[in-house]
Amino acid sequence: MFASIKGRSVIVTGAGRGIGRGIARRFGAVGCRVLVVSRTLSEAQRVAAEITAEGGAAHAFAADVQRAADMAAMAKTAVDIHGGIDILCANAGIFPAAKLGSMTEADFDKVIGTNLKGTFLAVSACLAVMKAQKSGRIILTSSITGPVTGYPGWSHYGASKAGQLGFMRTAAIELAPFNITVNSVLPGNIATEGLAGLGADYVRSMEASVPLGRLGSVNDIANAALFFATDEAAYITGQSLVIDGGQVLPESLAALDEMRSGS
Ligand code: NAP
C-alpha cells in the first residue's frame with residue numbers, strides 16, 4: 001500500500017486529450033489538485049470538469065509549451081490556485097510524420113520546439129517554486145520511439161524523445177540537491193486520439209506487434225507516472241520506464257510468429 005499523496009499540487013501539460021488526460025484524471029482520483037493544461041481551453045476545461053465530477057479538485061489553463069511566457073503563467077497559476085507545485089508531468093507532445101527528403105526545417109523545428117524545448121520550458125518555469133520548497137517530482141512523457149526504436153517518418157520525433165532523456169539525466173543531477181527527482185515514462189503504442197489520427201492500418205499493425213496483444217491504455221501510462229510521484233519512489237531519479245506491452249522485446253517477426261504458434 002502506498003502512502004497517500006492527497007492534496008499535492010500537480011501540473012499536467014497536454015492534458016486536454018489522450019495520455020495527459022489519463023494522467024490528470026489519475027492524479028485527480030487520488031486527491032491531488034490538478035492544473036489541466038493544453039492550448040485548447042475548452043478541452044482542458046472538459047477534463048477539469050471530469051475530475052471535479054469524480055470528486056477531485058482541478059482547474060483548466062490554456063498554454064502553449066513552446067512559449068516561455070505561457071509556462072511562467074502556468075506555474076504562477078498553479079501556485080495561486082493550488083498553493084504550490086509538487087509534481088510536474090511534462091507530457092505535451094506532437095507526432096506528425098515526415099520522411100527525410102520531404103521533411104522541412106519548419107517540420108523539424110515544430111516537433112523539437114514542442115516536444116523537447118517545450119519540456120525544457122515547462123520544467124524551467126516550475127523550478128523556482130520546487131527549489132524553494134526543497135521538493136518536487138518531474139515526470140516526462142518520452143516514448144519508445146527514439147530512445148529504443150526507430151520508425152520511418154519520425155526521425156525528428158525520435159530525436160525529440162531521445163533528447164528528453166538526455167535532458168532528464170543532467171536535470172536529475174542538477175536538481176538532486178533540491179530533493180527534486182526527474183524521471184520519464186516511455187509509452188509504446190497507446191490508444192489515444194493522437195494515435196487514432198495515424199490511421200486504422202497503423203493501429204492494426206501496432207496491435208499485431210505487441211506481445212501482450214493490445215494497445216496500451218492511458219491508464220497504463222498514468223499508473224507509472226503516479227508511481228514516480230509517490231513517496232515510495234523518492235530514491236528514484238534520472239530513470240526511464242518502458243510501458244509497451246513488450247513491444248520492443250521480439251528480435252524479429254519470426255519471434256512473434258513463434259510466440260503465437262504456442263509451441
Ligand atoms: P494527443 O492525443 O494528440 O494529445 C496531445 C495533447 O497535448 C493534447 O491535449 C494537445 O492539446 C496537447 N498539446 C499539443 N501541443 C501542445 C502545445 N504546444 N502546448 C500545450 N499542449 C499541447 O497525444 P497523446 O497520444 O496523448 O500523446 C501525449 C504524449 O505522449 C506526447 O508527448 C507523445 O509524444 C507521447 N507518446 C504517445 C504515444 C501514443 O501511442 N499515443 C506513444 C509514445 C509517446 P492542444 O492541441 O489543444 O494543445
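Because the structure is predicted, anything quoted here is derived from the model rather than measured. Whatever order the structure lists them in is the order used to number ligands and atoms, beginning at 1.
For F227, the CZ atom sits in a packed shell: over 12 heavy atoms of surrounding residues, nucleotides or ligands are nearer than 6.0 Å. Other residues, nucleotides and ligands contribute over 12 non-hydrogen atoms within 6.0 Å of the NZ atom of K134.
For ligand 1, the atoms sitting less than 4.0 Å from at least one non-hydrogen atom of N189 are 40 (O), numbered in the order shown with element in parentheses. Each of the following atoms of ligand 1 lies closer than 4.0 Å to a heavy atom of D64: 17 (C), 18 (N), 19 (N). Near Y157, meaning under 4.0 Å from any of its heavy atoms, are these atoms of ligand 1: 33 (C), 34 (O), 35 (C), 36 (N), 43 (C), 44 (C). If you number the atoms of ligand 1 from 1 as listed, the ones under 4.0 Å from a heavy atom of G16 come out as 9 (O).
A donor-acceptor contact closer than 3.5 angstrom is absent between the side chains of N115 and Q164. For N223 and R26, the side-chain atoms include at least one donor-acceptor pair closer than 3.5 Å.
Only backbone heavy atoms of A63 (N, CA, C or O) come within less than 4.0 Å of ligand 1; its side chain stays farther off. Residue-level proximity to ligand 1 for T114 is carried by the side chain, the only part with a heavy atom below 4.0 angstrom. Here K161 has side-chain heavy atoms under 4.0 Å from ligand 1, and that is the only part of it that gets that close.
For atom 7 (O) of ligand 1, the nearest non-hydrogen atom of the protein is G14 CA, 3.2 Å. Of all protein heavy atoms, the one closest to atom 29 (C) of ligand 1 is N91 O, 3.2 Å. Ranking the protein heavy atoms by distance from atom 10 (C) of ligand 1 puts R17 NH2, 3.4 Å first. Summary of contacts: the protein heavy atom closest to atom 26 (O) of ligand 1 is I19 N, 2.8 Å. The nearest protein atom to atom 21 (N) of ligand 1, hydrogens excluded, is given as A92 CB, 3.7 Å; this is a heavy-atom distance. Scanning all protein heavy atoms for the shortest distance to atom 24 (P) of ligand 1 gives T192 OG1, 3.7 Å. What sits closest to atom 14 (C) of ligand 1 on the protein, heavy atoms only, is R39 NH2, 3.4 Å. At the top of the distance list for atom 30 (O) of ligand 1, counting protein heavy atoms only, stands T141 CG2, 3.3 Å.
The ring-ring contact (aromatic ring centres under 6.0 Å, His included) test applied to F178 returns no partner, not counting sequence neighbours.
Side-chain contact check for M74 versus T13: some heavy-atom pair is nearer than 4.5 Å. Inter-residue side-chain proximity for M206 and Y151 is flagged as met; some heavy-atom pair is nearer than 4.5 Å.
In terms of N/O distances under 3.5 Å, ligand 1 is not approached by L195. Ligand 1 has no nitrogen or oxygen under 3.5 angstrom from a nitrogen or oxygen of I94. Note: an N/O pair closer than 3.5 Å links V65 and ligand 1 by distance alone.
We find that D231 and R8 are joined by a salt bridge, their nearest charged nitrogen and carboxylate oxygen being less than 4.0 Å apart. A salt bridge does not link D64 with R67: every distance from a Lys NZ or Arg NE/NH1/NH2 to an Asp or Glu carboxylate oxygen is 4.0 Å or more. The existence of a salt bridge linking E50 and R21 is confirmed by a sub-4.0 Å separation between a basic side-chain nitrogen and an acidic carboxylate oxygen. We find that K99 and D107 are not joined by a salt bridge, their nearest charged nitrogen and carboxylate oxygen being 4.0 Å or further apart.
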Taking it one step at a time, do D220 and R214 satisfy salt bridge (charged side-chain N to carboxylate O under 4.0 Å, His left out)? CA-CA 12 Å; D220 291 322; R214 65 169 175 90; 2.9 Å; yes

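Here the shortest heavy-atom distance to atom 40 (O) of ligand 1, taken over V47, L186, L140, I190, belongs to I190. Taking each of G194, G18, G93, G20 in turn, the one with a heavy atom nearest to atom 5 (C) of ligand 1 proves to be G93. Atom 42 (C) of ligand 1 has its nearest heavy-atom neighbour, among S38, G188, S143, G216, in G188. Compare T40, V185, V37 by their heavy atoms: the one nearest to atom 47 (O) of ligand 1 is in T40.
A donor-acceptor distance shorter than 3.5 angstrom exists from the side chain of N183 to the backbone of Q239, with no hydrogens or angles considered.
A heavy-atom separation below 4.0 Å is found between S142 and ligand 1. Under a 4.0 angstrom heavy-atom cut-off, T13 registers as lying outside contact with ligand 1. Heavy atoms of G22 stay at 4.0 angstrom or farther from ligand 1.
Using cut-offs of 30° and 60° for the angle between ring planes, the H59 and H82 rings count as tilted.
Screening L35, I11, L127 for a side-chain contact (heavy atoms from CB on, under 4.5 Å) with I85, the sole residue that qualifies is I11.
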